[in-house]
Each structure stands twice: as C-alpha cells, then as structure tokens.
Student: 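The structure that follows is given in the form of structure tokens.
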Amino acid sequence: MSENKSTLDTLVALCKRRGFIFQSSEIYGGFAGFWDYGPLGCELKRNIKDSWWKATVRTREDVEGLDASIIMHPAIWKASGHLDTFADPMSMCRNCKKLMRADQIWDLFAENGLEAALAPLLGDPGKIANWCKGRGRALAPNLDAVKNAETALPRLFPRLAEPKTARDLYILLATPDGKESVLPCPHCGGEMTEPRPFNLMFRTVVGPIDDPANAAYLRPETAQAIFAQYTNILKTSRQAVPFGIAQMGKSFRNEVTPRNYTFRSREFEQMELEFFIKPDEAVELLCGHVARLTPETDLSQPQPDWGWEIWHKYWVEQRKNWLLKAGLPQGSFVEYWQKPDELAHYARACVDIEYAFPFGTQELEGIAARSDFDLTQHQTHSGKPMEFFDEPLKLAAKRLSDEQKAAFRAKTLADWTARGKSEQAANRFLDRLLEGYYIPHVIEPSAGVDRMALALLCNAYSEEQIPNDSGKEDVRTVLHLSPIIAPVKAAVFPLVKNKPELYAKAREIFKTLQSRWNTYWDESGAIGRRYRRQDEIGTPYCITVDFQTLEDGTVTLRDRDTMQQSRISIPELVAKIDAAVN
RNA sequence: GCGAGCUUAGUUCAAUGGCAGAACGCCAGCCUUCCAAGCUGGCCACACGGGUUCGAUUCCCGUAGCUCGCUCCA
C-alpha cells in the first residue's frame, strides 16, 4: 500500500516537474478538484481525444460528431433526471458524525425488514407513525425522539415529488424541542440531522438578473446534448438507425470529495458516444429473428439481425480494442458486468472497464445499454416526437398475415409484462411499431479523458536499473507511452553543438520533422542526458545528427524502449514514425 | 461535510525564536564523436492571513492545499 502510494506520488512529482499537470490556481493556494494541463499534458490529452475521435467518428460511416454548448435549457436536466437524482438530500448523525445519503439510510434498514414492513402501510400516515414508534425503540433505544415516542409526532417527508414506494419517503420524528429527525442513525442509533439538499450540479445564472428563476446548470455529462440534438442530426446527416452521435467536451460535477489526483475532478472531460439501435421487436419483424449472443458470435462487422445485447457486446469489444491501441495492455484492465440489482432502472446492462490505479481499481469507462429511456424522457418533456420512421419496417409489418401479427403482438405483450411494463404501454408501442415508428434504443460508451490520461501515465511509468558510464547503477525513468499518445513524437539532437556545419544540418532535419509532428530540439548537455530527458516524458524516438550525417545523410535513431540505435535515412525515418504514430 | 496528521527551492530532504542549507534538476559558459561525465558561474523556497515577541520559517489562531479514515462517486 505504501509502495503503491509512493508510485502515485512519484508520478505526480514527474507530472509537475516536466509540465504535464499542475494544480489549478496554484499561486493562490490551489483549488480543490480542478487541474491544469501544461505543455506536455495538453498534447497528451489532445492525442487521446484525437485517437478516440478518429476511431469513433472519422473512420466510421455510421457515427456523426457534435459539439454542443455546456449550458443548456434547465428543462433538459429535469427530463434526464439529473435535477432530482443529483440533488439527493444528505443527512448526518449528530452522534457518530457519519454522513449518509438520506435515501441510503433505507438501504441500511432494509436488512432489518423496514422497507417490506412499511410497504403495506403506505398511504396511511397513522399506521406508519405507530409502526415507527415500536420499531424505533428496537433500533435506536437511545434516540430522544424514540424515548419520547408518546409525545413524538412522526410525519412523512417526501423525497420525490410523486412518491411511489416507501423509499420515496423519509420519516421524520418530531423531538421534544421541536426539531425533527429522520430515521435514527443505523450505525449508532443517534439522532440524524434533517436532510439537506446536496446538489451535485454547478448552478449559474443566465442573463444579467441574479434571480433564482434564471438558474441554469453546467452540464454534468455530455450525453444529454446528444439526445437533445438527436432529431436535428438525424434529419441533416442522412443517417438511419442504427447510427451514432459522438461528442467530446467538458462536464462539471460538484463532487463531495475530489481525491486521488485527477481521477475525480469537479471539472473533467468526457468522450461519449450514443449509438442508436432498433428495438429488438423491430429487428424481429425485419429479419424474422433476433441473433443470439454466443461466444462464437462474430463481432467484427455489424449485422442487421443484431439486437441490443450483441450491439452492447460489440461496443464493449470496440472500446477494448481502442484501449489496447492507446497503450493499455491486455490484462491491465478488467471488465465488470454490473449485476441486475446494481443497474439503473432503465438500463438493460452496463459494463465498467476498470483499471488498477495505484489508489485502487477504479472505473475508466462504462458501456451502458440504456434502452429507450433518454429519448422517451425528452419526448415526454419536450412534447417533440423522438420516433424514427423505418420504411422497411413498415413494409415488413404490412406483409404479415393477421395470424402472424396476432402472434407477434401476443409474444411482445408477454415480454413486456414480464419486464414489469404495463399492457397499455406495450400496446401503444406495438401500434406505432407496426406502422414503422419506434424510439431507438441506445448503447452508450462513455469514457473520461482525464482518467484515461491518468491510467495511461500510470501504466507507462517505469524505473529501470541500468549501468552508467562509470560502472554504477543508474535509475532510468521512462514513460512507455504508445507513440500514438506520446506528447512528443521525436527529438532531434546535434551530437555536438560547437561544429557549425553539424549544427545547421541538425536544425534542418529538426525543421523537417517539426512540420509533421510535435518534435523537440535539445542541444544542451551530454547526449546521454538528452536521451534521458526524453525517456522521462515518453518520447518514442530520438534522432542524433552526427558527422556521418554530413556524408551520407543518415542519422542515428534511438528507440526509447530498447535503447537500441540504428542508422536510417530521412525518408525511411519519416515513414517509420508516420507508421508508429497513427 | 466530519476526524487525525502534514505543508521549507522544480524534486527529495536538512537546520533554526536572530543572515535558511544540501543533493539532484534547471539555466549560461567551457569542454565533449552516442546513454543523467567534468569544470565554472547562475536562478529558485519557509503555503496564505492574523496574533504573541525587540525579533516568528520556528510558538499560537484562522484559511487553503495535501494524505489517511468516515462519507460521496447519478
């Protein structure tokens, strides 16, 4: 642990020393949760983003790009659910000082059967109050409100505007001095403070009048802008489902405790793709079946008979391939498939790709199958249709006999009710589907640029023992970054700097390379020292111009990882680096 | 947000109620024909604010930041 600790510390020191990452506002003492990327850091981030964009958008015909505004209509966050879920009230125990999300107090009590016991009492505050007194005595005999249960007057406090389950309610107990407490502390039975709102979204004011009515929010994710512009992009891009919209950009979350270097920041950058697919029912009508995911399923090319499950798996594989290309080796990250009870209610599946950071194994990116939840929400809240008209689907439905159609309806109805949906909703969906309309489902790969940068740096960092000129062991610090990601692609050195002819030739070669890639010039100190400087920032190639260069035009190419040198002509050199950095 | 500890140069560390040091790094010069060589010179620090004191980097208080634990991480 302490060894891991120092791994992160040395990396942090390197990042500062060499200009990758600085603390924000450092001259004023720093500002928690915010970070600045220096000369090398911003190149690193740019390379990560360029590589992602190239893989996700440029080299695909079925994905379009978007660069939306950070501040959007507040109604978007109402529709997405962020205004509600990001504003979860928190409650603290006055006795043991533990801070808990108010609704999670329920989780802690659930083991004791609280929720189940309360469910039948819903809608009858009197019964709940009585239950509370008795139960409270057992759970928290020392709580004042419970001791005085005869005089305490429990009342209900809704957590959501429209409470549907017991969990949507807090139970407040009036204490003798008139204050109210939620359920007693599950840990020590102490008295809990009243739940206070904790809004995790940054609030600002739009327009010059500083009035709460003008409140707006900095986006907590880039995804919602994609849903909000989905119809515009669908109309203007000549795309058809299945297709995707990708966006990279800053997002903001008012984290309670930003920690672990840049891992959890209050301002961060995301790379998100929303890939819109046909609902499985549409695939079935069009293809007569929905392909099943098996270990043998060929995921190299999308197929018309893929349902959400294969599409989801496809994107997991696509993302893993990209991680490998970016330089995270096989085995350095793990897939965590969320269990059914961990999934958000609208999610069909979610895979976290986790990396073993020095401070623990943490999520690098998530690939979620989000059903049609988001677009449906926006259709409901905006009143604008989010349906896609699928002409082949309409024709396919037309070709069905009445018998076939009835069978299809019955099967779909059974599926939906089995998933807890109402018959009415299923029928509404079927009516539209058979006319060729549906709201697309979504597969969402969502990655954090800053986390990716940190993971790549952690993975690349190494210290190697190598003998120096005087026969002693030296420590060589190297960032084994992929050439695609490395902030500096090549460095050019004149072997000596006091020979004008050699110097001029080196400058000429440097200028040639500089026009293609980020290239570094270094003429100071012994040649070995210059190599080590580049090792420390992960420059894959060092080019030394020596006296032979003046004769035959070749240079010495020194490889960062192997430290091997070879002689190479300039055209060969350009071709070699070009192949490595793309 | 709570509790504990910490904060001296770019980095890693010293010392001190009375001029704050080293190593490495960095910069300049000399030298140098391939892996942190050598010589000379140079830049750079007591996190910030207040208090006690003749005098505070040192003692006290506050703020910020960092680390650890609790908590949070849709």
Side-chain angles (χ1 to χ4, degrees), chain A residues 1-2 5-6 8-10 12-19 22-34 77 80-88 90-94 96-101 103-104 187 193 196 198-201 220-221 223 251 253-261 263-266 268 344-347 350 359 362-363 366 368 446 448 464 466-472 474-477 493-499 502 524-536 542-550 555-560 563-565 567:
Chain A
M1 187 68 193
S2 64
K5 182 67 204 58
S6 75
L8 185 64
D9 281 347
T10 50
V12 170
L14 172 73
C15 285
K16 179 169 189 191
R17 186 168 74 243
R18 298 310 305 269
F22 306 119
Q23 202 177 18
S24 166
S25 318
E26 198 191 74
I27 61 169
Y28 290 100
F31 202 42
F34 298 93
W77 308 114
S80 70
H82 285 85
L83 261 178
D84 291 329
T85 61
F86 264 49
D88 264 335
M90 309 267 282
S91 192
M92 191 192 294
C93 175
R94 290 189 210 275
C96 70
K97 305 291 181 195
K98 280 192 162 59
L99 183 70
M100 277 162 280
R101 227 169 67 191
D103 66 311
Q104 285 180 346
H187 300 284
T193 61
R196 282 177 298 172
F198 263 60
N199 201 323
L200 296 184
M201 282 198 290
E221 61 172 40
S251 291
R253 292 179 199 179
N254 214 344
E255 299 289 352
V256 176
T257 312
R259 279 200 190 163
N260 293 329
Y261 200 31
F263 182 79
R264 178 167 297 117
S265 306
R266 292 189 163 125
F268 58 100
H345 67 276
Y346 49 78
C350 188
F359 43 83
Q362 301 276 346
E363 182 186 345
S446 169
E464 298 166 6
I466 57 159
N468 66 13
D469 266 2
S470 39
K472 285 185 296 188
D474 257 357
V475 175
R476 184 173 86 114
T477 302
F493 315 141
L495 184 58
V496 294
K497 67 174 164 179
N498 58 359
K499 299 285 187 289
L502 184 65
S524 110
I527 196 79
R529 175 183 301 266
R530 288 181 250 167
Y531 286 145
R532 296 302 172 79
R533 284 191 191 118
Q534 296 307 311
D535 289 342
E536 205 179 42
C542 291
I543 293 110
T544 299
V545 176
D546 58 16
F547 292 94
Q548 193 180 331
T549 311
L550 297 176
V555 292
T556 302
L557 177 66
R558 182 264 197 183
D559 182 88
R560 174 196 66 199
M563 296 173 68
Q564 294 299 306
Q565 306 190 101
R567 288 211 76 85

Student: Nearest nucleotide by nearest heavy atom, which residue falls closer to the 5' end of RNA chain B, A:Gly33 or A:Tyr531?
Tutor: A:Tyr531
Student: Using the P atom on both, measure B:C59 against B:G5 and round to a whole Å.
Tutor: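 B:C59 and B:G5 have their P atoms separated by 14 Å.
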Student: Between B:C30 and A:Asn498, is there an OP1 or OP2 to side-chain N/O distance shorter than 4.0 Å?
Tutor: no
Student: Whole angstrom is fine here: how far is it from CZ in A:Arg18 over to C1' in B:C24?
Tutor: 14 Å
Student: Measure across A:Val555 and A:Thr544 and return the closest heavy-atom pair with its distance rounded to 0.1 Å.
Tutor: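 Taking every non-hydrogen atom into account, CB-O, 3.7 Å.
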Student: Partners of A:Glu536 by salt bridge (charged side-chain N to carboxylate O under 4.0 Å, His left out), sequence neighbours excluded?
Tutor: A:Arg17, A:Arg18
Student: Could you write out each protein N or O paired with an N or O of nucleotides 46-49 of chain B at a distance under 3.5 Å?
Tutor:
none

Student: How close or far is atom P of B:U33 from atom CZ of A:Arg567, stated in whole angstroms?
Tutor: 16 Å
Student: With the criterion being N/O to N/O and under 3.5 Å, what pairs connect the protein with nucleotides 3-13 of chain B, and how long is each?
Tutor:
unit_1	atom_1	unit_2	atom_2	d
B:U11	OP1	A:Lys16	NZ	3.3

Student: Students often get this wrong, so: under 4.0 angstrom with heavy atoms, is A:Ala32 touching a base, only sugar-phosphate, or nothing?
Tutor: sugar-phosphate
Student: Which residues pass the salt bridge (charged side-chain N to carboxylate O under 4.0 Å, His left out) test with A:Arg560, not counting sequence neighbours?
Tutor: none
Student: Can you tell me how far C1' in B:C19 sits from the matching atom in B:C24, rounded to whole Å?
Tutor: 25 Å
Student: List in chain and number order the residues that pass side chain to side chain donor-acceptor pair (under 3.5 Å) with A:Arg529, two or more places apart in sequence or in another chain; answer none if no residue qualifies.
Tutor: none
Student: Ignoring hydrogens and geometry beyond distance, is the side chain of A:Arg558 in donor-acceptor contact with the base of B:C35 at under 3.5 Å?
Tutor: yes
Student: Nearest whole angstrom, please: distance from the P of B:U32 to the NZ of A:Lys499.
Tutor: 6 Å
Student: Would you say A:Arg532's side chain and A:Arg476's backbone share a donor-acceptor pair under 3.5 angstrom?
Tutor: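 It does not hold such a pair.
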Student: Using the C1' atoms only, state how far B:C6 lies from B:C43, rounded to an integer number of Å.
Tutor: 29 Å
Student: Can you list the residues that meet the side-chain contact (heavy atoms from CB on, under 4.5 Å) rule with A:Phe31, with sequence neighbours excluded?
Tutor: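 A:Ser24, A:Ser25, A:Phe34.
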Student: Expressed as a whole number of Å, how far does the P atom of B:G62 sit from that of B:A37?
Tutor: 49 Å
Student: State which residues pass salt bridge (charged side-chain N to carboxylate O under 4.0 Å, His left out) with A:Lys16; sequence neighbours excluded, sorted by chain then number.
Tutor: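 Here the qualifying residues are A:Glu26.
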Student: Please report the distance separating the C1' of B:G50 from the corresponding atom of B:U11, rounded so that it comes out in whole Å.
Tutor: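 Their C1' atoms lie roughly 31 Å apart.
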Student: Would you kindly give the CD-to-C1' distance between A:Gln548 and B:U33, to the nearest whole Å?
Tutor: 11 Å
Student: Going by ring pair (Phe, Tyr, Trp, His ring centres under 6.0 Å), name the residues that satisfy it together with A:Tyr261, two or more places apart in sequence or in a different chain.
Tutor: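 Only A:Trp35 meet the ring pair (Phe, Tyr, Trp, His ring centres under 6.0 Å) criterion with A:Tyr261.
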Student: Closest heavy-atom contact between A:Cys350 and A:Ala368?
Tutor: SG-CB, 3.9 Å
Student: Mind checking if A:Glu26 touches a base, just sugar-phosphate, or nothing, with heavy atoms under 4.0 Å?
Tutor: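 If one applies the 4.0 Å heavy-atom cut-off, A:Glu26 turns out to touch nothing in the nucleic acid.
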Student: With pairs taken as Watson-Crick or G-U wobble and both distances under 3.5 angstrom, which stems of at least three consecutive pairs involve RNA chain B?
Tutor: B:1-7 with B:64-70, B:10-13 with B:21-24, B:26-30 with B:38-42, B:47-51 with B:59-63
Student: Checking side chain to side chain contact (heavy atoms under 4.5 Å, CB included) between A:Leu495 and each of A:Val545, A:Thr549, A:Leu502, which is the one that passes?
Tutor: A:Leu502
Student: Once you round it to whole Å, what is the distance between P of B:U33 and CZ of A:Arg530?
Tutor: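 Taking atom P of B:U33 as the reference, CZ of A:Arg530 is at 12 Å.
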Student: What are the two closest non-hydrogen atoms of A:His82 and A:Pro220, and how far apart are they?
Tutor: CD2-CG, 3.7 Å
Student: When rounded to the nearest Å, what value does the distance between C1' atoms of B:U16 and B:G49 take?
Tutor: 23 Å
Student: Quick check: closest heavy atoms across A:Pro494 and A:Arg530, and the distance to 0.1 Å?
Tutor: O-NH1, 2.7 Å
Student: Could you tell me which residues satisfy side chain to side chain donor-acceptor pair (under 3.5 Å) with A:Asn498, sequence neighbours excluded, listed by chain and number?
Tutor: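 Once residues adjacent in sequence are excluded, A:Asn498 has no partner under the side chain to side chain donor-acceptor pair (under 3.5 Å) criterion.
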Student: B:A37, B:A36, B:C35: which one has an atom nearest the side-chain heavy atoms of A:Met563?
Tutor: B:C35
Student: Write down the distance between CG (A:Asn260) and C1' (B:C66), rounded to a whole number of angstrom.
Tutor: 12 Å
Student: Please give me the minimum heavy-atom distance between A:Phe263 and A:Gln362, naming the atom from each residue.
Tutor: CZ-CB, 3.3 Å
Student: When you compare B:U58 with B:U52, how far apart are their P atoms, in angstrom units rounded to a whole number?
Tutor: 14 Å
Student: Give the minimum heavy-atom separation between A:Lys499 and A:Phe547, together with the two atoms involved.
Tutor: CG-CZ, 3.9 Å
Student: How many whole angstroms separate atom CZ of A:Phe34 from atom C1' of B:A64?
Tutor: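 Computing the A:Phe34:CZ to B:A64:C1' distance gives 15 Å.
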Student: Check side-chain contact (heavy atoms from CB on, under 4.5 Å) between A:Gln565 and all other residues, then give those that pass, not counting sequence neighbours.
Tutor: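 Per chain and number, A:Gln565 pairs via side-chain contact (heavy atoms from CB on, under 4.5 Å) with A:Tyr531, A:Thr556, A:Arg558.
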Student: Grab the N/O contacts between the protein and nucleotides 26-29 of chain B below 3.5 Å, and write none if there aren't any.
Tutor:
unit_1	atom_1	unit_2	atom_2	d
B:C26	OP1	A:Arg533	NE	2.6
B:C26	OP1	A:Arg533	NH2	3.2
B:C26	OP2	A:Arg529	NH1	3.0

Student: Can you tell me how far P in B:G10 sits from the matching atom in B:A47, rounded to whole Å?
Tutor: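 Per the computed distance, 12 Å lies between those P atoms.
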Student: Figure out the CD/C1' separation between A:Gln23 and B:G65, and round it to whole Å.
Tutor: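 It works out to 6 Å between those atoms.
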